[in-house]
Amino acid sequence: MARYFLGVDIGSLTTKVVLVNKNGDMVARATGRSGYSGRNVANRLSNGLLEEKKLAPKDIAAAVATGYGRVTFPADREVSEITCQAKGIAHLFAGAGTVIDIGGQDSKVIRLLPGGKVIDFAMNDKCAAGTGRFLEVMAAALELEIQELGPLAARAREHCAISSFCTVFAESEVISHVSAGAPKADIVAGVCDSVAARVASMTSRTGLEPEVVFTGGVARNSGVVNALAKQLGCRLSVPEEPEITAALGAALFARDNAD
Amino acid sequence: MAEKRKYLPLASTKHLEKMMTRHYALSRYHRLWGKPLKRPLAWITSGAPVELLRAFNIHPVYPENYGAICGTRRVSAKLCQVAEAAGYSQDLCSYARTHIGSILRPDLAPMGGLPKPPDLLVCCNNICGTVLKWYEALARIFQVPLLVLDTPYLPARLTDHTKEYVLAQFEQMVVDLERLTGRRLNRRELAEQLARSSQAIALWKEIREFCKTSPSPLNAPDLFIHMAPIVTLRGTQQAVDYYRRLKEEVNRRVRQRQGAVDGEKIRLVWDNIAIWYRIFGFFKMFSERGACFVTDTYSGGWVMELPSGDPLESMAITYTEIFLNRSPDFRAEQMINLIKEYNADGFVMHSNRSCKPYSLIQEVIRRRVTRETGVPGLVVEADMADERVYAEEPIRNRVQAFLETVGGI
C-alpha cells in the first residue's frame with residue numbers, strides 16, 4: 001500500500017497543502033485563498049489532491065498542520081511555520097543558511113543549520129508593513145493586480161520614497177505620489193523598496209548567512225526580489241513555488257514522525 | 001506538543017494576599033490615622049530609598065505597584081485612556097498613565113485609587129527618567145513637595161565622584177525630611193530599618209537561589225507575585241516574617257523534588273517586567289510545553305545587598321548601582337551569569353513598550369548573550385500594563401517556534 005504524508009499550511013491569506021511520498025518527494029500540491037474558514041479550504045484542497053492522485057484518505061499515513069490556522073485542522077500534530085519553513089528549505093536547498101519569508105501578514109528571517117534546525121529567527125511585530133498584505137493594499141490603491149507589480153517596478157526610472165512604517169499612512173503617501181503625477185512604475189518601485197527595507201533591517205537582528213533563500217508569496221514579486229537583493233548585497237535563491245515550502249516542511253515532519 | 005500540566009500553587013500565597021490586603025486597607029484609611037499618629041503619607045518610586053522614609057515614620061505607598069495591580073485586574077487600558085484624553089501621550093509609561101488615570105477618574109480605579117492627597121512625593125531616577133516628569137506632574141496636581149534623588153547613569157563602575165554626588169543629595173534629603181516632618185533623624189532607627197531590609201533581601205535571595213535545582217520549585221508568575229513585599233514592605237518586620245515562611249515552603253519543595261512546572265523539560269530566564277494582565281495565560285504557553293522560568297532579571301532587581309558602614313553611604317551606593325542604571329555590558333553579563341548559574345536552556349526578553357531603559361538595548365544584549373553562551377533568546381513585544389499592545393496570536397506563534405528551537409519537536 002502506498003504511504004503518503006500531508007502537510008497543511010493555513011496562512012492568513014493563502015492555504016497551501018503538499019503531499020509527499022515516503023522518500024520525501026513532493027508528489028502533489030495545491031493552494032487556495034484561506035477566506036473565512038482556512039480549515040474548510042484545507043480540507044477541500046487535500047481532498048482534491050487525493051482525487052488527483054487517485055488515493056483514499058487511508059493512504060495518508062500522517063498529517064502535520066502549520067500556519068495561523070494550524071490548531072483548527074485535525075492533524076496528527078501542529079508545528080510552527082518557522083520550524084516547518086526551515087525544514088522545507090533545508091530539503092530543497094542543502095546549503096541554505098538563511099530563509100527570508102514574506103507571507104500575507106508576517107515577514108520573518110530564519111537562520112538555520114544544514115538539516116533544517118533553526119538557530120535564530122526574527123519576525124515583524126503587530127504591523128503589516130513589509131508583508132504581502134502591504135503590497136495588496138498598495139496594489140489596490142494603484143488599481144493594479146498584484147502580479148503586475150514586479151514587471152512594472154522593473155520599468156521605473158526613479159524610485160519614489162515611501163518612508164512611513166505604517167500601511168495606512170504609506171497608502172496615503174502612495175496617493176500623494178499619484179496626485180503629484182509620479183509615474184506608476186516609480187511608485188511601485190518605491191513600494192517594493194519599502195517592503196525590502198523593512199525586511200532587510202530584520203536581518204541585522206539574526207545575521208545573514210549564505211545561501212539566502214527567499215520564500216513566501218511575495219518572493220514571486222520580482223520587484224521585491226531585486227530590491228531586497230540590492231539592499232542586502234547578496235544573491236537570493238527563490239524556490240520554484242515559493243509559497244508552499246512551509247507546507248512541504250510540514251509534510252516532511254509528518255513523514256519523520258511516522259518513521 | 002502541548003499537554004495538560006498541573007500548576008502547583010504555593011500555600012504561602014494566601015498569607016501574602018492577607019498581608020497585601022492589610023497594607024492597602026491601612027493605606028486607604030491613612031487619612032484617619034496618619035495625622036494623629038504623625039505619620040505623613042508619601043508616594044514613592046520603586047527604586048526610592050524607602051528605609052530613610054520609614055526612619056522618619058513616613059507611610060510609603062507605591063504608584064508603580066498600584067499600576068501592576070491595575071494591570072493584573074485588567075483595568076489599566078481604561079485608566080490609560082483617561083490619561084490620554086487628558087493629553088498624556090500614548091507613548092508614556094503605562095504605570096504613569098494608569099496612575100494619572102486613577103487620579104482623574106477614581107470611580108474607574110481599583111480601591112478608588114491610592115490614598116490622596118500625599119503629603120510628599122519621593123522620586124529616584126535610578127529606574128528611569130520618566131518618573132521625574134510623572135512625579136513633577138503629581139506635584140503640580142496636588143501642590144505638595146517633591147524630593148528628587150538623582151542617581152547618574154553608570155556607564156561602568158560607580159566612581160567616587162558619583163558616590164559623593166548622590167551622598168550629598170541624601171544628606172540634603174535628611175534636612176528636607178526633618179523640616180517636613182518636624183522630627184530629627186534617628187540614626188539608630190535608620191540602622192534598624194536597613195538591617196530589616198537586609199534581612200528581607202537576604203531571604204529573597206536565598207528563595208531565588210533554590211530555583212537553581214532541577215526541577216525548579218518556582219516559575220516566573222510565582223516570583224512576580226511574591227516580589228510584592230520586597231518592593232512595598234521592604235524594611236518592615238512583616239516582610240522579613242513573610243519571606244521566612246516562603247523560604248520554608250520553597251525549601252520543602254526542593255527537598256521533595258517538587259517542580260513548579262509538572263515534568264520540567266526546558267529551563268528559561270525571563271527579562272523585563274511581567275505582563276501583568278496575562279500573568280498566568282502568558283506563562284501557560286510555556287508551562288504546557290514543560291518550560292519553566294527559573295529566574296528573572298526583574299524580581300531579582302530587588303536583591304540589592306546593602307553594604308555595611310554608614311547608612312546614608314550604604315544607600316547611596318546601593319540605590320545608584322541598581323541594574324537598570326547600568327550599562328548594556330553589565331546587563332549582558334548579568335544575563336550570562338544567570339544562564340550559567342541556573343543552567344538555563346534559553347531566555348525570553350519582554351520588549352516592554354512602556355519601559356524604555358529596560359527594553360531599548362535588549363537586542364544588543366540578546367546577541368551578545370547568545371554569542372557567549374550558545375543559548376537562544378526570544379524577544380516578545382508587549383506592555384506591562386496596557387493590554388491594547390498585546391497581540392496573542394503572533395506571540396503564541398513565536399513562543400511555539402522558540403520552544404521548538406530550544407527543546408526540539
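Values below: all heavy atoms of this structure, side chains included; hydrogens, waters and symmetry mates excluded. In what follows, chains are A, B, ... by sequence order, proteins preceding strands, each numbered from 1.
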For atom [atom1] of [X], is the number of surrounding heavy atoms from other residues, nucleotides or ligands below 6.0 Å larger than 12?
X: A/Phe169; atom1: CZ; value: no
X: A/Arg205; atom1: CZ; value: yes
X: B/Lys356; atom1: NZ; value: yes
X: B/Lys133; atom1: NZ; value: no

What is the distance from atom [atom1] of [X] to atom [atom2] of [Y], rounded to the nearest 0.5 Å?
X: A/Thr66; Y: B/Asn397; atom1: OG1; atom2: CG; value: 7.5 Å
X: A/Gln105; Y: B/Glu393; atom1: CD; atom2: CD; value: 9.0 Å
X: A/Thr83; Y: B/Gln400; atom1: OG1; atom2: CD; value: 7.5 Å
X: B/Arg366; Y: A/Asp120; atom1: CZ; atom2: CG; value: 4.0 Å
X: A/Phe121; Y: B/Leu378; atom1: CZ; atom2: CG; value: 5.0 Å
X: A/Ser80; Y: B/Arg398; atom1: OG; atom2: CZ; value: 11.0 Å

Checklist entry - What's the shortest heavy-atom distance between B/Glu404 and A/Glu78, and which atoms? => result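 So the minimum-distance heavy-atom pair works out to OE2-O, 4.4 Å.
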